[in-house]
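Working notes, beginning with the structure itself.
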Amino acid sequence: MRAVQVSEYVKGPLDLKVTEVPTPTPTADKYLIEIHSAGTNFFDILQIQGKYQHQPPLPWVGGAEFAGTILATPTNNPRFKVGDRVFGATQGAYATHVLASEQTLLPVPPGWSFEDAAGLFVTAPTSYGGLVTRAGVKAGDWVLVHAAAGGVGLAAVQIAKAMGATVIATAGTERKREVAKAFGADYVVDYGDKGWPEIVKKLCKEKRSGNGAAGVDIVYDPVGMIDASLKCVAWNARLLVIGFAAGKIEKVALNRVLLKNVSIVGLHWGQYAKFETETVGDVWKGIFDLVKQGKFRGTSFKDESFVGLESVPRALKALGGRETWGKVVVNVIGEAKSKL
């Protein structure tokens, strides 16, 4: 099979090469899958440079998220059959084939392309788990979503809207704010403007009534903007710490936490499979219900095409340069793209 194999750490994505490696053989507990599309993630860039907390022994194949078809099944009472369309996550997604265990796989939603499904496994449950499970989003809430045009951001915008919330989305470019609006955001704000907390407060004051007019009820933050967000939250607000895409782990002024009676809540979705397995099933059921109702759609980046494994370096470079929106997906087996 063909794969983007890392035999030594590289300086950046453009140093990656496609090579021929042996096709894996199905085992008693793993499926052999032909990969149609592979999702990219920031941690992929760290991993190829040897900077991630989880580094497989060299050599290894890059990538984690994928969607494709089952070519062979395990011998132990498999849930899926040959030919089934699945998506999931396991090491080695930048390849034409991969082995994956059943607990890392889910069926591609009816009507979904492999391209959109390849970007679903990480983003959707992170946003649903944060907003619904941890923050208890409900109809009437006002939700501030930072980096709203990113993969988890667009998922968060859709989930908050599906639950009946009003969404204020922040993004750093006009194109990204346009995308956030296209996915349902009610209002958009440029977080490059240092006065953005005041802009959010003004929006709430003009558009909300009652005690909520002081600010938003929920902040969804995958960037590292909790401290500044405390300036524009309402009484009893819930602030979700999703990640630190800005590269800095911030310190928070706890006096604001006390004075506004707020909760700061973390979400480490990857650890739910270890500590709270029953919640994983509940979250995916909720996501698939939203998909079925037409309230959640794929977020794959459509302004540029990445077709074939040779385009993995270019896709990762675009992702790392923050030139993209949504989920950057490489179509290992090409599919037609529609424009947003």
Legend entry - Shortest non-hydrogen contact between Trp235 and Leu259, atoms and distance: CZ3-O, 3.6 Å

Legend entry - Nearest heavy-atom neighbours spanning Lys327 and Gly119: CG-CA, 3.5 Å

Using residues 261-282 as the side-chain source, report each donor-acceptor pair under 3.5 Å to any protein atom, sequence neighbours left out, with the distance given to one decimal.
from, atom 1, to, atom 2, distance (Å)
Asn261, ND2, Asn236, OD1, 2.6
Glu276, OE2, Thr279, OG1, 2.7

Inset, instruction - Only counting residues at least two apart or in another chain, list the ones meeting side-chain contact (heavy atoms from CB on, under 4.5 Å) with Glu310. - result: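 side-chain contact (heavy atoms from CB on, under 4.5 Å) list for Glu310, sorted by chain: Arg2, Val18.
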
Legend entry - side-chain contact (heavy atoms from CB on, under 4.5 Å) partners for Ala124, two or more places apart: Leu120, Ile287, Phe296

Counterpart residues, ring pair (Phe, Tyr, Trp, His ring centres under 6.0 Å), relative to [X] (two or more places apart):
X	answer
Trp112	none
Phe288	Trp284
Phe43	Tyr52
Tyr128	none

Does any pair with a residue in [range] pass salt bridge (charged side-chain N to carboxylate O under 4.0 Å, His left out), and if so which ones, sequence neighbours excluded?
range	answer
residues 157-166	Lys161-Asp186
residues 13-36	none
residues 261-270	none

Just distance, no hydrogens or angles: give the donor-acceptor pairs under 3.5 Å from side chains in residues 100-109, sequence neighbours left out.
from, atom 1, to, atom 2, distance (Å)
Glu102, OE1, Tyr31, OH, 2.4
Glu102, OE1, Arg79, N, 2.7
Thr104, OG1, Ser101, O, 2.7

Legend entry - With Glu174 via salt bridge (charged side-chain N to carboxylate O under 4.0 Å, His left out) - residues at least two apart: Arg177

Legend entry - Salt-bridge present (Asp141, Lys138; N to O < 4.0 Å): yes

